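Report on one structure; see the data block that follows.
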Amino acid sequence: MSLIRTEGLEKIYRLDHVEVPALRGVDLTIEGEEFLAIAGPSGSGKTTLLNLIGGLDRPTAGQVFLEEQEITRLNKSRLAELRLRKIGFVFQAYNLLPVLTALENVEYVMLLQGIAAGERRQRALAILGEVGLAEYANRFPNLMSGGQQQRVAVARAIVAQPKLVLADEPTANLDSTASSELLDLMRQLNRDHGVTFVFSTHDPLVMERAERLVRLRDGKVFGDE
Amino acid sequence: MDIKLAWRNVWRNRRRSVIIISAIAIGLAGVVVYEALTVGMTTQMVENIVGTSLGDIEIHHRGFQESKTLELAIDNPEQVLRLVRGTEHVSAAAPRVRAQGLVSSARASAGVQILGVDPTAEAAVSTIAHSLVRGRFLAAADEYAIYLGEALAKKLKVGLGRKVVLMAKGLAPGMASNAFRVVGTFQTASPNFDKMTVYIPLAAAQSLLSLDGKISEIAVRIDRQRSLEQVAATLRTKLAPNEYEVLTWKELVPNLVQMTQLWEEWVYLFAFVIYIAMVFGVTNTMLMVISERTRELGIMLALGTRPLRIFRMILIESALMGLVSVALGSAASFGVVWWLSLQGLDLGWFVRGLSFLGLSRIIYPVLTPSILLISGLSALVATVLAAIWPAWRAVRLEPVEAIRDA
Ligand SMILES: Nc1ncnc2c1ncn2[C@@H]1O[C@H](COP(=O)(O)OP(=O)(O)OP(=O)(O)O)[C@@H](O)[C@H]1O
Ligand SMILES: [Mg+2]
């Protein structure tokens, strides 16, 4: 059973009577425990594809299956539930809720899942240790570097034990050292927890680190290595 | 955690929160102080009228209230008084003779209302004995003594110990008259009352008017206003309805009731306007909050936060601001009311036209727990209601668009 399967995925954005095709028929299968990069120039449809896979948006045509369950038909609250249970998200920047500390940010997802306070705290502290930020637990995001913030975001994405972590250009705002460290961390978590990571990038250095590289151009898959 | 999150969110934009919180607090304090002053003013008015010359309840011979004629008198005062005094919630009762007459000194004369009273009983039902300016109130041993308004004494140009002549038409044919010695003068909240009222001992009035032991009315005070109707009803069942008429002060001075109601309505109108302003202010603030946090809300939604939870978070945030505002506003109104109750609020020229209603020049606020509770709760409800629309907008956000927008 594949983790993710898309069939003839199309997305057309409508901007005042102008139609912008962002994806034009993407067929892609992702297995469990993969470490996959989606690469492509700006405007090639990376963000659109990740949003559709993550159940954040609906395709114009085609389907997305998560563990063979079609998610494209689910209503808003079912999608929210699905995201909460099965998918972790890391965005480009400013991922964290600014009024919560690193620890509370990580706890937040578990709070939504209804996990008891004691367990929440314990698991959040453990995962912050894993991402190397144990001593930053009580810091607020504005007092952390961009790299540290992204690590907390990764910790938050993984703490709820999802099947899949989707990261849209997680390194775009980081310098090369911080980017490299973040990738090491994601790779390690991918191995240790068996979680599939799918991240987008247009940075060749980041692409090199992927186990599998899917290239997008003009809304189509153009290479799969 | 939800409350912690909301609380921290409130203080994120400190300046804006402080502004909106103080605006609500000031509005609330305004409503509470205005209401307290109105209650103070109306209770003073009622007390001034009811406590000076009426009574919470008056008992007359049926028909007296319309005709004011001495013929319609109560001829068994002792018996009725005993009955009244034995009624629950009656704190005092006093017999009175009420008649029209003319008072003259060597220098001038004036038409007056003559009140024949039992000094001890009268002191228990009315405040007239405390409105003393010079001399003293009537005493039980007085025979032909008179206690009159300071303004009237000035007009008659008489001082303490001087004599005046009272003339009136009693039950006997022809005009009756007698001389009375001035023992004291009074001043009440009503200049008109002071200019046209004299008090003499009950026995002197009865003999002047040939009443032969009869009286015009019995004034009754009760121990709490909310029992007014109940006490009146009890008295009505105890006293033969064809002979006696029992009237509450609300029936005796209906325009006073209307006036107090009118003032209450002004308070409601004012409060309504203030609360509407609060709703607009909070709605506006929360809309700004939502638009500033669009991306963040998008991330919360993307992570799987249920829309209802976001809705609740926004309402909690608003409610917390409301709570802080209500706490501050209540404290402020306490302060202002306390200060005003020491100073009194001098209405000055404004009351001159209204003094016939017993309005005092200086009013003292009365702050009851129910005023504070109802106004505070209303402010809280207003702030929460005001957040509903903004919260609804937050819920309607599409995570993808919200995240991209910022
Ligand atoms: N909401 C939208 N409305 C209209 N057009 C959109 C919208 N979102 C994306 N597009 C268009 O769809 C195409 C694909 O956009 P997408 O954001 O998926 O590309 P991307 O590969 O993520 O680009 P980048 O590297 O710049 O993030 C682009 O032409 C973009 O302009
Ligand atoms: Mg993108």
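Below, each value reflects all heavy atoms present in this structure, side chains not excepted, and no hydrogens, waters or symmetry copies. Note that the structure is a prediction, hence the values are computed from the model and not measured. Residue numbers start from 1 in every chain, and the chains themselves are labelled A, B, ... in the order their sequence lines are given, proteins ahead of strands.
Scanning residues 372-397 of chain B against chain A with a 4.5 Å heavy-atom cutoff picks out B/V395, B/R396, B/L397, ordered by number. Against chain A, the residues from residues 296-310 of chain B that qualify, each with a non-hydrogen atom under 4.5 angstrom away, are B/E296, B/I299, B/M300, B/L301, B/A302, B/L303, B/G304, B/T305, B/R306, B/R309 in number order. Scanning residues 99-108 of chain A against chain B with a 4.5 Å non-hydrogen threshold yields A/V99, A/L100, A/T101, A/E104, A/Y108, sorted by number. The contact list for residues 18-38 of chain B toward chain A, using heavy atoms and a distance under 4.5 Å, is empty.
B/W11 CH2: more than 12 foreign heavy atoms inside a 6.0 Å radius. The 12-atom threshold is not exceeded at CZ of A/R73, counting heavy atoms of other residues, nucleotides or ligands nearer than 6.0 Å. Shown here is B/R12, whose CZ atom has more than 12 heavy atoms of other residues, nucleotides or ligands within 6.0 Å. Residue A/R121 places its CZ atom among 12 or fewer non-hydrogen atoms of other residues, nucleotides or ligands, all under 6.0 Å distant. The neighbour count for A/Y13 OH, taken as heavy atoms of other residues, nucleotides or ligands under 6.0 Å away, is above 12. Within 6.0 Å of CD1 on B/I3 lie no more than 12 heavy atoms contributed by other residues, nucleotides or ligands. Applying the 6.0 Å contact sphere to NE2 of A/H193 captures more than 12 heavy atoms from other residues, nucleotides or ligands. Remark: B/Y364 OH is packed, more than 12 non-hydrogen atoms of other residues, nucleotides or ligands lying under 6.0 Å away.
When each of A/V109, A/L96, A/L97 is checked for heavy-atom pairs under 4.5 Å with chain B, A/L97 comes out on top.
Contact annotation for A/N51: only side-chain heavy atoms (C-beta onward) come within less than 4.5 Å of a heavy atom of chain B. Looking at A/R156, the atoms closer than 4.5 Å to chain B (heavy atoms on both sides) all sit in the side chain, from C-beta outward.
Residues B/R8 and A/P98 form no side-chain contact, since every pair of their non-hydrogen atoms from C-beta on lies 4.5 Å or further apart.
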